[in-house]
Amino acid sequence: MEKPGFFLNPPPGQRKAMIEATQDLERRGFPYVFAGQGSAPAIRSSETAEHVVRPYLGASWLDGLTHCLATGMATERITFGTAIEVTYTRHPHEMIGIANYINETCDGRFILGIGPGHTEILEPFRYRLEKPLAHMRQYVYAMREAAAGQPMPPIIFSALRKKMVRLAGELADGVIWANAVRSHLPESLQEIPAAKRDTFLVGNIAPAYVSDDRGEALAAVRLALSNYLSLTNYQRYFIEAGYGEEVERVRAAIAVGDHAGIMGAVSEEMADDIAVFGTPAQVREKVEAFQAAGVTHLCLATTFHSENQPQAVLRVAAAFD
């Protein structure tokens, strides 16, 4: 088993501590970290889609590119990237300009993960949303034009369903899921051209929780999945992956504003197929299972653990010592 990486989303006041935690991860041989583009704490708004039980209302709580630059300046060997930087919040010329700067000054250790985000998150900001596949194609073309032949970091697309995976296989150097369904991954990866598979980056961000108490761990990962299940794109993906009954229960709970019902709709089978949780030995086994399914860059996410994110990351990392 190769060690996994981690997904980082430190809130204000914890960013220096997360850089220090990443230095610790580097010393202990963890190979990569990815930073998200975080949102402000959820607050209900009349402008937010009514069916989102726990809406996101901020896009600048954490800027992934900024955190990656700080990470690169403070480390020597670890690979780092964005997972993902939302395309609508930056012009493609600006995106590739910043990405190339980070990659050059940090010795080529940077990976640029980009994606169009989710309608429910972006509509409150009044972005003019386009069809995702056409948008991503045009965005990458614009970045490459702006780079004018200069070296670029690897570019990976966020994806859920097969059409975006196929587009990533055509235009990008890799693809990254958040909450990928492990049993469905081999089918999804058939969309990648055979000639690219040996070098194609396959990433996934998986909720991770270490505990000898299975009930505690299962409750934690159900909480982690609850916000994603409020998003239409995730509902469609989970249906594609074979969890239509769970999605129907989620939709019924959303209709009456029952957040506990959303968590309860996640079957143990579904949680086992998406999350990395249990005793340290079980967590290591789940990491191996994701790698066997084709994931080359598995990032463990702890954003739902506690308010102290650096501590939560290091707690999970201890399962691999």
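Just so it is clear, the structure is predicted and the values come from calculations on it, not from any experiment.
- Under the 3.5 Å distance criterion, the side-chain polar atoms of Arg284 are matched with a main-chain donor or acceptor of Ala319.
- Contact record, Pro92 with Met143: O-CG, 3.5 Å, taken as the closest heavy-atom pair.
- With rounding to the nearest 0.5 angstrom, the CD1 atom of Ile156 is 9.5 Å from the CD1 atom of Ile84.
- Taking OG1 of Thr79 as the reference point, atom CD of Glu26 lies at 9.5 Å (rounded to 0.5 Å).
- Looking at every heavy atom in both residues, Pro151 comes nearest to Asn100 through O-OD1, 3.2 Å.
- Around the CD atom of Glu216, the shell of radius 6.0 Å holds more than 12 heavy atoms that belong to other residues, nucleotides or ligands.
- Ring pair His91/His93 is perpendicular by interplanar angle, where above 60° counts as perpendicular and below 30° as parallel.
- Using a distance-only test at 3.5 Å, with no hydrogens or angles considered, no donor-acceptor pair links the side chain of Asp212 to the main chain of Thr279.
- The pair Asp272-Arg182 does not count as a salt bridge, with every side-chain nitrogen at least 4.0 angstrom from each carboxylate oxygen.
- When the shell of 6.0 Å around NZ of Lys196 is examined, it contains more than 12 heavy atoms from other residues, nucleotides or ligands.
- Closest heavy-atom contact between Leu65 and Glu85: N-OE1, 3.5 Å.
- Under a hydrophobic-cluster definition in which Ile, Leu, Val, Met, Phe, Trp and Tyr are linked whenever side-chain heavy atoms come within less than 4.5 Å, directly or via other members, Tyr209 and Val283 are assigned to different clusters.
- Residues Ile114 and Phe157 have side chains in contact (heavy-atom distance under 4.5 Å, counting atoms from C-beta outward).
- Taking OG1 from Thr75 and CG from Asp24, the interatomic distance works out to 13.0 Å, rounded to the nearest 0.5 Å.
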message = Let's go through Gln309 and Thr302 carefully: what are the C-alpha distance in whole Å and the side-chain angles of both, what is the deciding distance for side chain to side chain donor-acceptor pair (under 3.5 Å) to 0.1 Å, and is it a yes or a no?
response = CA-CA 7 Å; Gln309 278 301 295; Thr302 64; 3.2 Å; yes
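- The backbone N or O of Glu307 lies less than 3.5 Å from a partner atom in the side chain of Gln14, making a donor-acceptor pair.
- With Phe277 as the aromatic partner, Arg214 does not meet the cation-pi criteria of under 6.0 angstrom to the ring centre and within 45 degrees of the ring axis.
- Interatomic distance, Ile78 CD1 to Arg27 CZ, rounded to the nearest 0.5 Å: 11.0 Å.
- Counting only heavy atoms from C-beta outward, the side chains of Met18 and Arg15 never approach each other to under 4.5 Å.
- Closest of all the heavy-atom pairs between Thr87 and Met95 is CA-CE, 4.3 Å.
- Counting heavy atoms from C-beta on, the side chains of Phe320 and Arg28 never come closer than 4.5 Å.
- Using a distance-only test at 3.5 Å, with no hydrogens or angles considered, no donor-acceptor pair links the side chain of Asn9 to the main chain of Thr303.
- Residue Glu104 places its CD atom among 12 or fewer non-hydrogen atoms of other residues, nucleotides or ligands, all under 6.0 Å distant.
- Tyr243 and Leu218 are members of different hydrophobic clusters when ILVMFWY side chains are connected at heavy-atom separations under 4.5 Å.
- Placement of Met136 and Leu112 within a single hydrophobic cluster is found when ILVMFWY residues are connected by side-chain heavy-atom separations under 4.5 Å, directly or transitively.
- Distance alone, capped at 3.5 Å, places no donor-acceptor pair between the Tyr139 side chain and the Pro116 backbone.
- Taking both residues in full, the closest heavy atoms of Ala172 and Phe200 are given as O-CE1, 3.5 Å, listed atom of the first, atom of the second, then distance.
- Under the 4.5 Å side-chain criterion, counting only non-hydrogen atoms from C-beta, Tyr141 is not in contact with Glu145.
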- Query: For Val250 and Phe238, what are the C-alpha separation, side-chain angles and deciding distance, and is it a side chain to side chain contact (heavy atoms under 4.5 Å, CB included)?
  - Reply: CA-CA 11 Å; Val250 164; Phe238 291 138; over 6 Å; no
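- Side-chain contact between Phe34 and Phe80 is absent, with no heavy-atom pair separated by less than 4.5 Å.
- Counting heavy atoms of neighbouring residues, nucleotides and ligands inside a 6.0 Å radius, atom CD of Glu170 exceeds 12 of them.
- Between Asp63 and Arg90, some side-chain heavy-atom pair lies under the 4.5 Å cut-off.
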Are Asp173 and Leu201 close enough, and set up right, to give a side chain to side chain contact (heavy atoms under 4.5 Å, CB included), and what steps lead you there? CA-CA 6 Å; Asp173 303 296; Leu201 187 155; 6.0 Å; no
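- Between Glu191 and the options Arg197, Arg166, Arg161, a salt bridge (Lys or Arg N to Asp or Glu O under 4.0 Å) holds for only Arg166.
- Between Ile274 and Asn179 the shortest side-chain heavy-atom distance falls below 4.5 Å.
- Considering NZ of Lys162 and CG of Leu189, their distance stands at 11.0 Å, rounded to 0.5 Å.
- Using a 4.5 Å heavy-atom threshold, the side chains of Phe290 and Pro4 count as separate.
- Criterion: ILVMFWY side-chain heavy atoms under 4.5 Å apart, direct or through other members. Under it, Tyr228 and Val276 are part of a common hydrophobic cluster.
- Put simply, the side chain of Asn103 gets close to the backbone of Phe110: a donor and an acceptor are under 3.5 Å apart.
- Val165 and Ala159 get closest at one heavy-atom pair: CG2-CB, 3.9 Å.
- Atom NE2 in His297 sits 5.5 Å away from atom OH in Tyr32 (nearest 0.5 Å).
- Within 6.0 Å of CD on Glu94 lie more than 12 heavy atoms contributed by other residues, nucleotides or ligands.
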Mind running side chain to side chain contact (heavy atoms under 4.5 Å, CB included) on Thr105 and Leu69 for me, showing each step along the way?
-> CA-CA 9 Å; Thr105 56; Leu69 179 59; 4.0 Å; yes
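- Hydrophobic clustering keeps Ile19 apart from Val313 (ILVMFWY residues linked when any side-chain heavy atoms are closer than 4.5 Å, directly or through intermediates).
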